[in-house]
Amino acid sequence: MLFGVSYYHEYQPFDRLADDIRMMRDAGITYARLGDSIWALCEPREGEFHLDWLQPVLDGLHDAGIQVVLVTPTYAIPPWLARKYPDVMRRRVDGRPEPFGARQNMDITNPTYRAYAERITRLVLERYAQHPAVIGFQVDNETGTGMSCNDAVFDGFVDWLRRKYGTVDRLNELWGLTYWSHRLGDWADLWRPAGNTNPGYDLDWRRFHAEVTTEFLRWQVDIVRDYARDDQFVTQDVVGGHGRGDADRYQIAEVVDIPAENFPHATQDALLHPPVPSTIYPAQSQGTGPAQLYQRADLAYGAGRRNFFVTEMNPISIGGSDNTFPCYDGQWRMAAYTCISRGANMIAYWHWHSLHYGRETYSHGILNHDLEPNRCYDELARIGHELAEHGDRLTDLTPDVDVAVLYSYDSRYALEFQPCLKNPDGTPDMRCYRTIFDRFYRAFFDARAQLIVVPTSVELASYPVVVAPAVYIADDATLQRLVDYAEQGGHLVVTFRTGYADEFARARWRRAPGVLRPAVGASYRLYSNLADPVPLRTVPEVSGNGVSRLQLPPGAVGEAWMDELELEGADALVSYDHPHFGRFPAVVTHRWGRGRVTYVGTLPDSASAKSIAAWVLEASGIKPRGAGLPESVRVTGARSPRGERLTFVSNWSFEAKTIDDPCIAGVDLISGEAIERHLELGAWDIRAIVESTDA
């Protein structure tokens, strides 16, 4: 288990290397990430190199037993490169050049940029790759293309289309370019994306950019492997959560040894459970409550279906000068062990010390601007000392999984281009895919399921429940795999918009939900946005097939959307309380082969979504861990490589809790206390219990 920081000795206002390293060692820090923004320092003028300054940093960290991941310094270019070779700068979709002054402002496909990036990378690696402190490498940083539209990028897109489709006539057919007289007579007729209104074009443009990002990282990985020892790994820190729209975590996980993600999250009251709604915290936090952390971790583990690194976690704060919400006491520890419980093999913070200048002056580190210990440092030191003693038993955990949630980048891209939902002000909800996905992830989280987030291509047979939220773009084979999964014994949960369009973003010309229709046991011919929420009601009697009644909470509503479902063998579970829409069921379920398909034709409010999820778990024979405990208490499980079963019990509140659960038995990993069903949890407290072999 690695525990550490990103460290920028080069940003300190004076030389305090020895003090920094001493404080890190005292805090139990075992890892430091170096070098992501050092290009201009190492090459201040073209061809003039200064690399010696890094030697004492590496030597000092090594002497203190702190291991280093060295980053290729390619995501922030020096000013001379932009000045002398302006063609390296990214051009926006409208053709305007990206100005210098920020970072990640270059075209990562540009051959001049690549040549200079390769040169500085090789020089750094030649000098330091074999340093005994270096255990691995990170290629670039939070990488994406920025949707660049330089001439060469656009030409590359045309070549990509030519390889994929062969002829313009085939492209005309699949994109539907007869519409508005857009048919191409030659590849040279393809217009720039700034003027595009065609959904097939937009979908392929986004797919292309995600592949460009992956190719760029693969190129860097190949360079690193020329210098890396067999015992050194390569990673890349993907923007966590829903992340960038020009990077695909599943593709990237295939080209690195260890997937890694950055985990900025909302804190303070925004970690209470049940969650407290808030508009204060930034959109990057994916809402409030502990689900934001579990969701990020389940996305990260699902990227490669293997253990992952958390490369950037909140220290004092992450964000701008108006976003300073340091954790309450206990929350740093809660966040760290939550990620570990879901498969993290490293917890690291961005960054060691708060910067005294620059854009991120108030994206605070562990140390504030006074560079002195504080309550953040003290709490992280506690974590560091605990992991130093027990981290080996927390490494390479395999988290328990009750439910797999499918993530579809294609559907996200398409629904950002043609949103199906509205914002409260009537504008299109460009984030509607995330809105739907988050609602259903959190529904099962609130129902206490343990989850993993996986791509639609993954093998599904091992998961008792699979949720397909708004898998709008899918080919017939993908949908058939979902049908087969249910037929072979799984419980498939499908939401509205799933299967409506094919892999070319064309609405299917068969009654929805298309390939899924026989398995769903219902279909629809019309659908509607909902201008206002519509009350939902439980269907009082459910016919046959051993289907139990689904009990909704008071005030249940369907929001934003509804499919006019018509039963074709399915049982209605929920309907609308509405003079017109009342004739249509909102939720149906259908026995299919040895399994079941449940279809949700609206966006249920959060409480109703939780009730639907709880019904699905019960119908699937899943008894979630922690059922019956106080709402603020969460229980998850994992297995270690040595075969130990671990139970993590956490209290996301200010009130101490006394737990009485016969399923919780064993030894507290940290304290050594024997636990037999009774457990005391303090405010903002988390316990890791090694289960008794007879429990």
Side-chain angles (χ1 to χ4, degrees), residues 199 411 414-415 418-422 426 428-429 432-433 435-437 439-440 443 467-474 479 482-483 486 492-502 505-543 545 547 549-550 552 556-592 596-605 608-609 611-612 615-616:
S411 300
L415 290 174
Q418 291 184 317
C420 60
L421 306 182
K422 286 183 178 293
D429 180 6
C432 66
Y433 176 78
T435 299
I436 300 165
F437 182 93
R439 181 68 54 85
F440 282 89
V467 184
V471 182
Y472 173 69
I473 300 293
L479 298 178
L482 298 181
V483 170
L492 174 66
V493 180
V494 181
T495 81
F496 62 97
R497 294 288 84 185
T498 293
Y500 199 82
D502 67 12
R506 302 178 301 184
R508 281 186 162 84
W509 43 83
R510 56 194 296 190
R511 188 187 298 186
V515 176
L516 298 172
R517 180 181 174 185
V520 169
S523 65
Y524 59 95
R525 288 176 283 190
L526 295 180
Y527 41 83
S528 178
N529 287 104
L530 297 178
D532 297 296
V534 175
L536 299 175
R537 59 187 176 191
T538 297
V539 174
E541 294 184 8
V542 179
S543 62
N545 298 324
V547 179
R549 194 166 181 259
L550 194 163
L552 291 171
V557 295
E559 301 172 342
W561 185 273
M562 65 86 64
D563 290 330
E564 296 187 359
L565 290 170
E566 301 173 25
L567 296 177
E568 297 173 344
D571 294 292
L573 296 173
V574 177
S575 63
Y576 302 97
D577 187 3
H578 187 272
H580 176 79
F581 293 134
R583 78 184 82 167
F584 303 110
V587 182
V588 304
T589 192
H590 186 222
R591 189 74 184 172
W592 182 250
R596 179 171 295 281
V597 179
T598 298
Y599 188 97
V600 185
T602 188
L603 184 67
D605 67 276
S608 301
S611 294
I612 294 168
W615 181 90
V616 168

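This structure is a prediction, so every number in the text was calculated from the model and none was measured.
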I'd like to check [X] versus [Y] (side-chain heavy atoms, cut-off strictly below 4.5 Å). Are they in contact?
X    : Y    : value
V588 : L567 : yes
W592 : V483 : yes
S523 : Y599 : no
V587 : T598 : yes
F581 : E564 : yes
V539 : P585 : no
R549 : W615 : no

Quick one: do D577 and V534 satisfy side chain to side chain contact (heavy atoms under 4.5 Å, CB included)? Show the steps, please.
-> CA-CA 7 Å; D577 187 3; V534 175; 5.9 Å; no

Partners of Y527 by ring-ring contact (aromatic ring centres under 6.0 Å, His included), sequence neighbours excluded?
-> Y500, W561

Give, for atom CG of L552 and atom OG1 of T538, the distance between the pair rounded to the nearest 0.5 Å.
-> 3.5 Å

Distance in Å, Q418 CD paired with Y472 OH, rounded so as to fall on 0.5 Å steps | 5.5 Å

Can you say whether the rings of H578 and H580 are parallel (under 30°), tilted (30 to 60°) or perpendicular (over 60°)?
-> perpendicular

How far apart are the C-alpha atoms of I612 and L550, what are their side-chain angles, what is the distance that settles it, and do they pass the side chain to side chain contact (heavy atoms under 4.5 Å, CB included) test?
-> CA-CA 7 Å; I612 294 168; L550 194 163; 4.0 Å; yes

Does a side-chain N-to-carboxylate-O contact under 4.0 Å join R439 and E559?
-> yes

Cationic N near anionic O, under 4.0 Å, K422 to D429 | no

Would you please name every residue forming a side chain to side chain contact (heavy atoms under 4.5 Å, CB included) with D502, sequence neighbours left out?
-> F504, R506, R508

Look at the side chain of [X] and the backbone N and O of [Y], then say whether any donor-acceptor pair between them is shorter than 3.5 Å.
X    : Y    : answer
T498 : A468 : yes
S575 : G582 : no
T602 : M562 : no

What pairs with [X] under side-chain hydrogen bond (donor to acceptor under 3.5 Å, both in side chains), at least two apart in sequence or on another chain?
X    : result
S608 : D605
T495 : none
E566 : R525

Tightest non-hydrogen contact, residues F440 and P604, listed as CZ-CD, 3.8 Å

Please name the pair of heavy atoms, one in Y576 and one in G601, separated by the smallest distance, quoted to 0.1 Å.
-> OH-O, 3.8 Å

Please determine which of L565, V600, D563 meets the side chain to side chain contact (heavy atoms under 4.5 Å, CB included) test together with F496.
-> D563

Between R596 and T589, is a side chain to side chain donor-acceptor pair (under 3.5 Å) present by the stated rule, with each step listed?
-> CA-CA 7 Å; R596 179 171 295 281; T589 192; 3.2 Å; yes

Applying side chain to side chain contact (heavy atoms under 4.5 Å, CB included), run through L603 and T435 and close with a yes or a no.
-> CA-CA 9 Å; L603 184 67; T435 299; 4.2 Å; yes

Take I436 and L421, measure what side chain to side chain contact (heavy atoms under 4.5 Å, CB included) needs, and give me the verdict at the end.
-> CA-CA 9 Å; I436 300 165; L421 306 182; 4.0 Å; yes

So salt bridge (charged side-chain N to carboxylate O under 4.0 Å, His left out) across residues 512-522, not counting sequence neighbours, yields R517-E568

